[in-house]
Novice: 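First the structure, which I've put down as structure tokens, then a few questions once you've had a look.
Order of the sequence lines sets the chain letters (A, B, ...), proteins ahead of strands, with each chain counted from 1.
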Protein chains: 2
Amino acid sequence: MRGKTIDPEDWLTAVDESGFRATTVQETLIDIFARVEYPLSAEQAWDVARLARPKTGRATVYRTVEKLENLGLIRRVHGYQGCSYFVPTLPELMMLFICLDCGRAEYLDSQPLDELIKQSEDSSGHHITDSRLQLFGACADCQQNA
Amino acid sequence: MRGKTIDPEDWLTAVDESGFRATTVQETLIDIFARVEYPLSAEQAWDVARLARPKTGRATVYRTVEKLENLGLIRRVHGYQGCSYFVPTLPELMMLFICLDCGRAEYLDSQPLDELIKQSEDSSGHHITDSRLQLFGACADCQQNA
DNA sequence: TCCTTATTGAGACATGGTATCAATAAACAT
DNA sequence: ATGTTTATTGATACCATGTCTCAATAAGGA
């Protein structure tokens, strides 16, 4: 993911500590998802995984993606390209920007969002436990090259 | 939708003015979507539509839902229950809150969001053309009855 | 009322994702 | 190291959601 790097080792230990067995499929998928710049679907991840590990099964990839999502290591992207794409989760950063030209995803600072949510809680009386904010448009690069 | 009312007549004229023919299927679906309190999938809309108009076809409902979405009359809900649910669009109000207990959807004032987006544009250099903010939690009623 | 053509309904089809179950391979005790 | 247990895997059948096709229907203007 742009602007930040993720260490696959950290994910491996995270998976390990959560009680699951450490397998080569997981390792493969973690390697893939920790490095992507673009949101990736489970189907696409399967294609990529088979390059490194040809007999990888489809269901296994779907299961592993679900596991990584449940562990909070990857996040589902909701929006223009559909809702079956995933990006690595960057802790504390919640606002995801997606460029509609090049497709790249980037996290933006979410501090102001926290305040906004607190404000909404006060005015509505609802108790807000989770949020999804996604922004779409043209990234700085694509604007220049347009 | 909670807290606001929508006049199905306005939608009918909107569809009419956009160059489509006025049909009974459209009328039926507009009637349904203009009144829902809960996000509704196309499949569910089909079920409801057949109560009033038994021989309504499935594909037609999907096509009409897509049309209403393209016209901006209904909006896709992205989140916990999946991404295939729709709620009526309330112009100028963009922040959608969904109660995880009772499932009801409610729009919140989005003015602060506009500022937040402007702020993000300045600091990131990206040009933001669209946004999706959804909030999840327990609504005031459900908190009381818990 | 007739004619033109958008819209419809039925069902075949495509896609994305899940369930089943025997085979495999981690983890651990020996 | 080796064997045992059991989570994980891969192949395949299956299901759900959504799309495509095409003849039949109905909206809207002449």
Novice: Can you tell me how far P of dT18(C) sits from CD of Glu69(A), to the nearest Å?
Specialist: 10 Å
Novice: Using a heavy-atom cut-off of under 4.0 Å over every strand shown, decide if Ser41(B) touches base, sugar-phosphate, or nothing.
Specialist: nothing
Novice: Rounding to an integer number of Å, can you tell me how far Glu43(A) CD sits from dA14(C) P?
Specialist: 15 Å
Novice: dA7(D) C1' sits how many Å from Asp16(A) CG, rounded?
Specialist: 14 Å
Novice: Roughly how many Å is it from CH2 in Trp46(A) to C1' in dT12(D), rounded to a whole number?
Specialist: 11 Å
Novice: Of all heavy-atom pairs between Ile128(B) and Leu135(A), which one has the smallest distance, and what is that distance?
Specialist: CD1-CD1, 3.7 Å
Novice: Quick check: on DNA chain D, is the nucleotide nearest Ala42(B) upstream (toward 5') of the one nearest Ala22(B), or the reverse? Name the residue that is more 5'.
Specialist: Ala42(B)
Novice: Base, backbone or nothing for each nucleotide of nucleotides 4-13 of chain C, written B, S, -, heavy atoms under 4.0 angstrom, 5' to 3'?
Specialist: -BBSBBBB--
Novice: Can a donor-acceptor pair be found between the side chains of Tyr62(B) and Glu43(B) at a distance below 3.5 Å?
Specialist: yes
Novice: Under a 3.5 Å distance rule, please check whether Thr89(B) uses its side chain to pair with a backbone N or O of Gly72(B) as donor and acceptor.
Specialist: yes
Novice: If the helix axis at each end comes from five base pairs, how far does the helix from dT1(C)-dA30(D) to dT30(C)-dA1(D) deviate from straight, to 10°?
Specialist: 40°
Novice: How about Glu121(A) and His127(A): does a side-chain donor come under 3.5 Å of a side-chain acceptor?
Specialist: yes
Novice: Under 4.0 Å: is that the gap between some side-chain N or O of Tyr62(B) and OP1 or OP2 of dT19(D)?
Specialist: no
Novice: Roughly how far, to the nearest 0.5 Å, is the CZ atom of Phe20(B) from the CG atom of Leu71(B)?
Specialist: 6.0 Å
Novice: Going by side-chain contact (heavy atoms from CB on, under 4.5 Å), name the residues that satisfy it together with Asp130(A), two or more places apart in sequence or in a different chain.
Specialist: Arg132(A), Tyr80(B), Phe136(B)
Novice: Calculate the interatomic distance between Arg76(A) atom CZ and dG16(C) atom P; express it in whole Å.
Specialist: 13 Å
Novice: Could you tell me which non-hydrogen atom of Thr13(A) sits nearest to which non-hydrogen atom of Asp10(A), and how far apart they are?
Specialist: OG1-O, 2.8 Å
Novice: Please tell me whether Gln134(A) and His78(B) have a donor and an acceptor in their side chains that are separated by less than 3.5 angstrom.
Specialist: no
Novice: Whole Å only: how far is the CG atom of Asp47(A) from the P atom of dG16(C)?
Specialist: 10 Å
Novice: Taking atom types as modelled, find out whether His126(A) and Glu106(B) have a side-chain donor-acceptor pair closer than 3.5 angstrom.
Specialist: yes
